[in-house]
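A short worksheet on the structure shown next.
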Amino acid sequence: MKASNFFLPIKKEVNEVSISAKLMLKSGMIQKLASGLYSWLPLGYKIISNIENIVSEEFESMGFNRMCIPTLHPAHLWQESERYEAYGKEMLRVNDRKNNEFIYGPSAEEPCVDMVRQANIGKSDLPINLFNIQWKFRDELRPRFGVVRCREFFMCDGYSFHETIESSSEFYDTVFNGYKRIFDRLNLNVFTKEAETGEVGGLKSHEFHVLSEIGEDEIERDGKKHKSLELGHIFLLGDRYTVPMDLKITNSDNKQTPLIMGCYGVGVSRLVAAMVESYYECKDENYSINWPIDFAPFKINIINANAKSLECNQLSGKLYEQYKNISFYDDRNISIGQKFATSDLLGSPIKIIIWPKELKNESVEIRIGNSKEIVKIEQISKFIDNILVK
RNA sequence: CGGGGCGUAGCGCAGUCUGGUAGCGCAUCUGCUUUGGGAGCAGGGGGUCGGAAGUUCGAAUCUUCUCGCCCCGACCA
């Protein structure tokens with residue numbers, strides 16, 4: 001991507017409490033539309049999509065099938081499970097033109113049960129493991145910290161259907177371990193804790209937390225109090241939904257038995273904030289982000305230090321052609337200071353700076369994290385490829 | 001839901017107490033000079049002060065109502 005073709009509205013000043021919200025707004029990742037509602041601008045959308053892909057891959061590798069449930073659900077499904085009343089004001093209720101009642105889903109247990117129910121399944125179809133990554137809405141009392149506690153958020157939610165508690169419980173453990181892999185891949189240092197099943201209900205649940213300034217729970221660690229932020233929550237639901245919604249199969253004794261269900265959530269949009277929160281750096285009041293190479297919005301940032309130099313333009317353009325799909329090429333005719341400021345917020349792990357003076361020695365500067373090296377032009381590909389392979 | 005606060009140009013703010021029809025920084029536009037960490041100079045454009053009603057000769061400023069937003073608490077899979 002060329003800077004001149006990319007909508008990246010960087011702001012110098014934003015008024016926000018949390019660092020992640022500040023940086024996400026500043027760097028042009030998101031924009032506030034209303035309280036608790038954020039638009040994802042091109043940069044932010046790349047990041048959330050990368051994370052979505054990682055989460056999706058891991059869910060598939062655990063044995064889930066990806067599907068997609070609409071954001072609007074008919075109210076009657078939620079009346080069947082008796083959560084329509086229980087959810088209270090957090091649930092957004094809307095009517096269509098025929099005055100039928102709908103809700104904007106805060107979760108999707110009910111429609112997912114309905115999906116399986118409609119399929120008229122038998123014992124031999126089990127287990128069934130489904131997930132979707134979809135926008136959810138909860139009308140929070142007090143949205144805060146940008147996309148950390150917002151009203152419309154992007155959530156990955158998995159649902160499992162088994163014949164017995166034993167097999168459901170076994171799968172629960174598979175997901176428990178799968179979650180650890182997801183957070184490992186995202187370089188987030190999570191810990192788990194047993195939790196109340198609360199509104200969702202069921203037999204047991206575990207939460208996945210990361211220590212964070214913007215956490216909303218308080219926990220004790222090494223005798224000290226820390227704030228922690230919940231990123232995931234898994235539930236062994238038993239027959240909490242399958243009994244009231246009448247989802248059952250005929251077992252080998254020719255008896256009708258309710259399916260045993262599990263549900264597994266990960267806050268994808270919240271993950272972005274958690275990651276910004278853990279990858280930012282601050283030097284002399286200048287904030288920068290350092291994205292790990294696996295999910296950086298752009299792996300390579302090509303910085304043309306002088307867009308008026310024919311030689312600089314030629315080499316920059318050539319490098320851009322070579323790494324087009326993974327790079328951001330700052331081709332603008334602006335001061336180098338502004339390009340570095342943009343670069344700091346973009347957070348690419350590999351930065352190639354084409355300086356006129358270095359170019360005279362047939363070299364460019366390459367920065368990886370906080371280290372810099374002068375690399376001969378003919379060595380660039382080798383140098384870069386070596387880092388990309390790792 | 002209780003307490004506090006804010007709403008003035010795209011963004012960040014001053015002006016409100018003590019009424020006299022708006023100002024600063026950044027951004028933006030034009031020109032010239034610049035380009036090794038958010039360039040400099042000169043010139044220009046953009047708001048009628050969240051909305052409504054009221055008081056007044058006159059309201060960003062005072063009064064009332066209303067909408068939106070934020071912070072603390074409570075709440076939160």
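Residue numbers begin at 1 in each chain, while the letters A, B, ... track the order of the sequences.
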Between protein and nucleotides 25-33 of chain B, what N or O pairs are separated by less than 3.5 Å?
unit_1	atom_1	unit_2	atom_2	d
B:G25	N2	A:Glu13	OE1	3.2

Honestly, is A:Arg83 close enough over A:Tyr241, meaning NZ or CZ under 6.0 Å from the six-membered ring centre and within 45° of the axis?
no
Can you confirm whether or not the ring centre of A:Tyr264 sits under 6.0 Å from the ring centre of A:Phe64?
yes
Is it the case that the base of B:G37 and the side chain of A:Asp344 share a donor-acceptor contact (distance under 3.5 Å, atom types as modelled)?
yes
If you take any heavy atom closer than 4.0 Å to RNA chain B, which residues from residues 152-160 of chain A end up in contact?
A:Met155
Could you tell me whether the side chains of A:Glu57 and A:Asn53 share a donor-acceptor contact shorter than 3.5 Å?
no
Which of the following nucleotides, B:C11, B:G38, B:G36, is nearest to the side chain of A:Ile10?
B:G38
Side-chain (A:Asn301) to main-chain (A:Phe328) donor-acceptor, under 3.5 angstrom
yes
Let me know which of A:Arg151, A:Lys89, A:Arg149 forms a salt bridge (Lys or Arg N to Asp or Glu O under 4.0 Å) with A:Glu140.
A:Arg149
For nucleotides B:A27 and B:A39, find the distance between their C1' atoms and express it as a whole number of Å.
15 Å
Residue set satisfying side-chain hydrogen bond (donor to acceptor under 3.5 Å, both in side chains) with A:Glu163, at least two apart, ordered chain then number -> A:Lys123
side-chain N/O A:Asn15 vs B:C13 OP1/OP2, d < 4.0 Å
yes
Take atom P in B:U48 and the same atom in B:C57, then report the distance between them in whole Å.
27 Å
Considering only B:G36, B:A74, B:G38, which nucleotide approaches the side chain of A:Arg144 most closely?
B:A74
Its contact letters, B for base, S for sugar-phosphate only and - for none at protein heavy atoms under 4.0 Å, make nucleotides 1-8 of chain B read --------
Respond yes when some side-chain nitrogen or oxygen of A:Ser335 is under 4.0 Å from OP1 or OP2 of B:A39, and no when none is.
yes
Quick one, which residues of residues 16-30 of chain A touch RNA chain B with a heavy atom under 4.0 Å?
A:Val17, A:Lys26
Would you call A:Trp355 stacked on B:G36, i.e. ring centres under 5.5 Å apart with the planes less than 30° off parallel?
yes
Pairs under 3.5 angstrom only: tabulate donor-acceptor contacts from the side chains of residues 169-176 of chain A to other protein residues two or more places apart or in another chain.
unit_1	atom_1	unit_2	atom_2	d
A:Tyr172	OH	A:His206	N	3.0
A:Tyr172	OH	A:His206	ND1	2.7
A:Thr174	OG1	A:Glu170	O	3.2

